[in-house]
Amino acid sequence: MKCIFISLLLLCSSLFVCCHSQSPKQSAATETFPPEISVRQADIRYAEGFKLDYRQGYILLRIQDPQSPNGSEYCFALRQKGTTPPIPTGVTPLDLPINRFICMTSLQLSNFIRLKATEKVVGISSTRFLKNKKIRQQMAEGKTQKIGIEGNFDPEIIMSLAPDVILISPFKQGGYDAMKEVDIPLIPHLGYKETTPLGQAEWIKLIGLLTGKEKEASEIFNGIENRYNTLKKRTANLQSRPVVLSGEIHGGTWYAVGGRSFLAQVFQDAGADYFLKDDLRSGGIHLDFETVYNQADRADYWRILNSFPGNYSYEALKAQDARYADFRAFRQKGVIYCNMREKAYYEEMPMEPDVLLSDFIKVFHPELLPDYTPVYYNLLKE
């Protein structure tokens, strides 16, 4: 089976039928989506990576990279089990509710955790720093299994789990999109590509629909949205806005994210300015130290997220690179830190943008949340 699977990796270029393609045959599929048969569109207010179009007897799910609006769309027809509505030729049908999933990332898991639907997750790609007690128990009991590490998945385990679908991240490296032809539908989960906190959180609506928990997902998201926007209003008219640096040096270059990113938006909503706020990129970027220092040597705060083994401190930070001590945020004890070895960051944070926002408001404007105790990020004290 492994030999067959490896040979199939070469077919990954045709992973999905795309609604928009240069191929005449695939373009014809677009013509089978006449707008007049659409009943309504789901109320997706922030997420830009997926759309749900309710049609006669099925739901047309369209998924697209939110950072590449002119890119390909991946299309699925969601129908209730036992029904056979006419669907566009070549579009993958999925029978709802779906009961057996394989997840490739912790961000995907966060949706199932919040929905209390972890029993539907039969496989995961990595257990590094896994915190969730329910999933750990499922793994101990053999109900959830590890399918291998990124880029080196075990096809025999995947097939033995008999998943209904596999959630993948096709625009990340790691071979996620190389699973075509295992006769298991592959659904891109692109929450990590969203550029706003509420956009990322809104992907729970898709997982809620797929798992038969659509109502619960909407209620959860509405609560998140209300809390986030209420907090955001507190900082809307602030005159004093500190500047925030983010990232560290990896492999000789400074890794950060652009000024149109998820993180930059959270900083803005928390009443601060990201040091790259004028940068128009939304994804990760690599900068040399001199560029970062020239733009952020006077930044008030420095946000760091890593998985440091042991007690992280200013001395530990300086030991990584002596030049770090030259930043004002270092000298004035303005480092905001989260250790992924201690916090279930990616398992929970995607569904708690309101909590993340509270953490940063507490640092930047503590007078606005005097009784709040941070969950993920704290100021380093030593």
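Along the sequence shown, the residues carry numbers beginning at 1.
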Residue list, ring pair (Phe, Tyr, Trp, His ring centres under 6.0 Å) with Y228, at least two apart or on another chain: none
Donor-acceptor pair, side chain of T144 and main chain of V121, under 3.5 angstrom: yes
Main-chain N/O of P97 paired to K81 side chain as donor or acceptor, under 3.5 Å: yes
All ring pair (Phe, Tyr, Trp, His ring centres under 6.0 Å) counterparts of Y376, not counting sequence neighbours: Y345
L109 vs Y346 side-chain heavy atoms within contact, under 4.5 Å: no
Sub-4.5 Å side-chain heavy-atom contact between T105 and Y192: no
Near-ring test F330/W302, centroid separation under 6.0 angstrom: no
Passing candidate, side-chain contact (heavy atoms from CB on, under 4.5 Å) with R234, options D269, L369, I361: L369
S246 versus R303, side-chain donor and acceptor atoms under 3.5 Å: yes
R323/I249 under side chain to side chain contact (heavy atoms under 4.5 Å, CB included): CA gap, chis, key distance, verdict: CA-CA 11 Å; R323 295 174 295 179; I249 294 175; 3.5 Å; yes
Heavy-atom donor-acceptor pair, E73 side chain to R62 backbone, under 3.5 Å: no
Side chain to side chain contact (heavy atoms under 4.5 Å, CB included) evaluation trace for N111 with H189: CA-CA 11 Å; N111 296 159; H189 188 299; 2.8 Å; yes
Check: E119 and Q138 side chains under 4.5 Å, non-hydrogen atoms: yes
Under-4.0 Å salt bridge between D300 and R328: yes
Point-to-point distance, once rounded to the nearest 0.5 Å, from NZ of K205 to CD1 of I220: 12.0 Å
Parallel, tilted or perpendicular, as decided by the 30° and 60° cut-offs, for the rings of Y293 and F289: parallel
side-chain contact (heavy atoms from CB on, under 4.5 Å) partner of Q200, chosen from T195, L190, L107: L107
Test side-chain contact (heavy atoms from CB on, under 4.5 Å) applied to T211 - qualifying residues, sequence neighbours left out: F101, F112, L115, K120, I207, K213
Closest heavy-atom pair and its distance - P197, Q265: CD-CG, 3.7 Å
Test item: E347 side-chain N/O and K131 main-chain N/O as donor-acceptor pair under 3.5 Å: yes
Heavy-atom side-chain proximity of Y74 to T92 below 4.5 angstrom: no
Set of residues satisfying side-chain contact (heavy atoms from CB on, under 4.5 Å) with respect to V363, sequence neighbours excluded: Y301, I336, L379
Any residue meeting side-chain hydrogen bond (donor to acceptor under 3.5 Å, both in side chains) with R227, in chain and number order, not counting sequence neighbours: D354
Shortest non-hydrogen contact between S125 and I147, atoms and distance: CA-CG1, 3.9 Å
For the student: nearest non-hydrogen atoms of M139 and I124, plus distance: SD-CD1, 3.7 Å
Exceeds 12 heavy-atom contacts within 6.0 angstrom, atom CG of N222: yes
Verdict with supporting geometry, V244 and F364, side chain to side chain contact (heavy atoms under 4.5 Å, CB included): CA-CA 9 Å; V244 190; F364 304 145; 3.5 Å; yes
Listed partners of Q268 passing side-chain hydrogen bond (donor to acceptor under 3.5 Å, both in side chains), at least two apart: none
Within-4.5 Å side-chain heavy-atom neighbours: I304 and Y312: yes
Nearest-0.5 Å distance, OG1 of residue T118 to CD1 of residue I135: 5.5 Å
Residue K134 excluded, over 12 heavy atoms near NZ under 6.0 Å: yes
Contacts of K333 that satisfy side-chain contact (heavy atoms from CB on, under 4.5 Å) - sequence neighbours left out: Y314
Main-chain N/O of K215 paired to S218 side chain as donor or acceptor, under 3.5 Å: no
Aromatic ring pairing F267/Y274, orientation class (parallel under 30°, perpendicular over 60°, tilted between): tilted
Pairs flagged by side-chain hydrogen bond (donor to acceptor under 3.5 Å, both in side chains) wherever residues 361-372 is involved - sequence neighbours left out: D359-Y372
Qualifying residues under side-chain hydrogen bond (donor to acceptor under 3.5 Å, both in side chains), relative to E342, sequence neighbours excluded: none
L198 and I224, any side-chain heavy atoms less than 4.5 Å apart: yes
Interatomic spacing from CD1 in I204 to CD in E216 - rounded to 0.5 Å: 9.5 Å
Any donor-acceptor N/O pair, R100 side chain to L161 backbone, under 3.5 Å: yes
Stepwise side chain to side chain contact (heavy atoms under 4.5 Å, CB included) check, R341 with F129: CA-CA 6 Å; R341 288 177 180 266; F129 309 136; 3.5 Å; yes
Contacts of type salt bridge (charged side-chain N to carboxylate O under 4.0 Å, His left out), residue R45, not counting sequence neighbours: D43, E225
Distance in Å, L210 CG paired with L167 CG, rounded so as to fall on 0.5 Å steps: 7.5 Å
Check: W254 ring centre within less than 6.0 Å of F327 ring centre: yes
Side chains of V257 and F262 in contact at under 4.5 Å (non-hydrogen atoms): no
Minimum side-chain heavy-atom gap N311-E382 below 4.5 Å: yes
Name of the residue among D53, L52, I87 meeting side-chain contact (heavy atoms from CB on, under 4.5 Å) with L60: D53
Closest approach of Q80 to D95 (non-hydrogen atoms, all atoms of both residues): O-OD1, 4.5 Å
Residues forming a side-chain hydrogen bond (donor to acceptor under 3.5 Å, both in side chains) with N378, sequence neighbours excluded: none
Taking every non-hydrogen atom, the tightest pair across L238 and G271: CD1-CA, 4.4 Å
Atom pair CD1 (I113) and SG (C103), whose distance is rounded to the nearest 0.5 Å: 9.0 Å
With Q137 via side-chain contact (heavy atoms from CB on, under 4.5 Å) - residues at least two apart: E141
Nearest-0.5 Å distance, NZ of residue K193 to OG of residue S68: 6.0 Å
Backbone of E48 reached by a side-chain donor or acceptor of E194 within 3.5 Å: yes
